[in-house]
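We count ligands from 1, going down the list as the structure has it; atoms in each ligand are counted the same way.
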Amino acid sequence: MATKVLMVCLGNICRSPLAEGILRSKVNTDEVIVESAGTSNYHIGDAPDQRSIDIAKQNNIDISYLKGRQFIPSDFDEFDYIYVMDNHNYTDVTNQARKFEDRDKVRLILNEVFPGENVDVPDPYYGGPQGFINVFDMLNEACEAIAKKL
Ligand code: 4NP
């Protein structure tokens, strides 16, 4: 059976769609299914932020077709690993855990690069294009580590 990975941020339009596209580009998609979601309901049904679409495209990854959706508790049943982008997302997701096994699936994505340091992927939404370049590079490194482990 395929391994299922969910990427989670606040809006599901900047960081987690990028993480979804990047990890998908590094795995065998018959064996690993990657999706993303937001903890908020702000951008349900919306395409990714144009700046995320652009930085992905510059790296030969198409995320333009993705649509925002909100995290729901049944995602704990659906997915094997849930990677969150920052500590706030971690709290929001683990607060919805129904049992220990749910909580145990949730990891801060940059702990794959800096184990135990609990570093955030900064929210690039209110900043300029350099923020999206930085986020892409961080997620690329983290997804490389995840892809190797899966
Ligand atoms: P994301 O960024 O969590 O990386 O998708 C955000 C996108 C939208 C908002 C906040 C963060 N917002 O407040 O609408």
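The closest approach between H43 and ligand 1 falls below 4.0 Å for a heavy atom of the residue.
A donor-acceptor pair shorter than 3.5 Å can be found between the side chains of K26 and N140. For the 3.5 Å distance criterion, the side chains of N134 and Q130 qualify, holding a donor opposite an acceptor. For the 3.5 Å distance criterion, the side chains of S36 and N12 qualify, holding a donor opposite an acceptor. No hydrogens or angles considered: a donor-acceptor pair under 3.5 Å links the side chains of N118 and N111. Looking at N89 and D92, their side chains never bring a donor and an acceptor atom within 3.5 Å of each other.
Only the side chain of D123 comes within contact range of ligand 1, with a heavy atom under 4.0 Å; no backbone atom does. Residue contacts with ligand 1, taken as heavy atom pairs separated by less than 4.0 Å, involve Y126 solely via side-chain atoms from C-beta onward. Under 4.0 Å from ligand 1, the heavy atoms of N12 that appear belong solely to its backbone.
Shown in contact with Y42 at under 4.0 Å from a heavy atom are these atoms of ligand 1, numbered in order with element: 12 (N), 13 (O), 14 (O). Close approach of ligand 1 to I13 (heavy-atom distance below 4.0 Å) involves ligand atoms 5 (O), 7 (C), 8 (C). Residue-ligand proximity, L10 to ligand 1, at heavy-atom distances under 4.0 Å covers atoms 3 (O), 10 (C), 11 (C).
In terms of protein heavy-atom proximity, atom 1 (P) of ligand 1 is nearest to C9 SG, 3.4 Å. With hydrogens left out, the protein atom closest to atom 5 (O) of ligand 1 is C14 N, 2.9 Å, a heavy atom.
No side-chain heavy atom of Y83 sits under 4.5 Å from any side-chain heavy atom of V8.
In summary, E101 and K105 do not engage in a salt bridge, as defined by a charged side-chain N under 4.0 Å from a carboxylate O.
At least one N or O atom of G11 sits closer than 3.5 Å to an N or O atom of ligand 1. In terms of polar-atom proximity, P124 is not counted as a contact of ligand 1, lacking any N or O under 3.5 Å from an N or O of the ligand.
If you look at F71 and F76, their ring centroids are closer than 6.0 Å.
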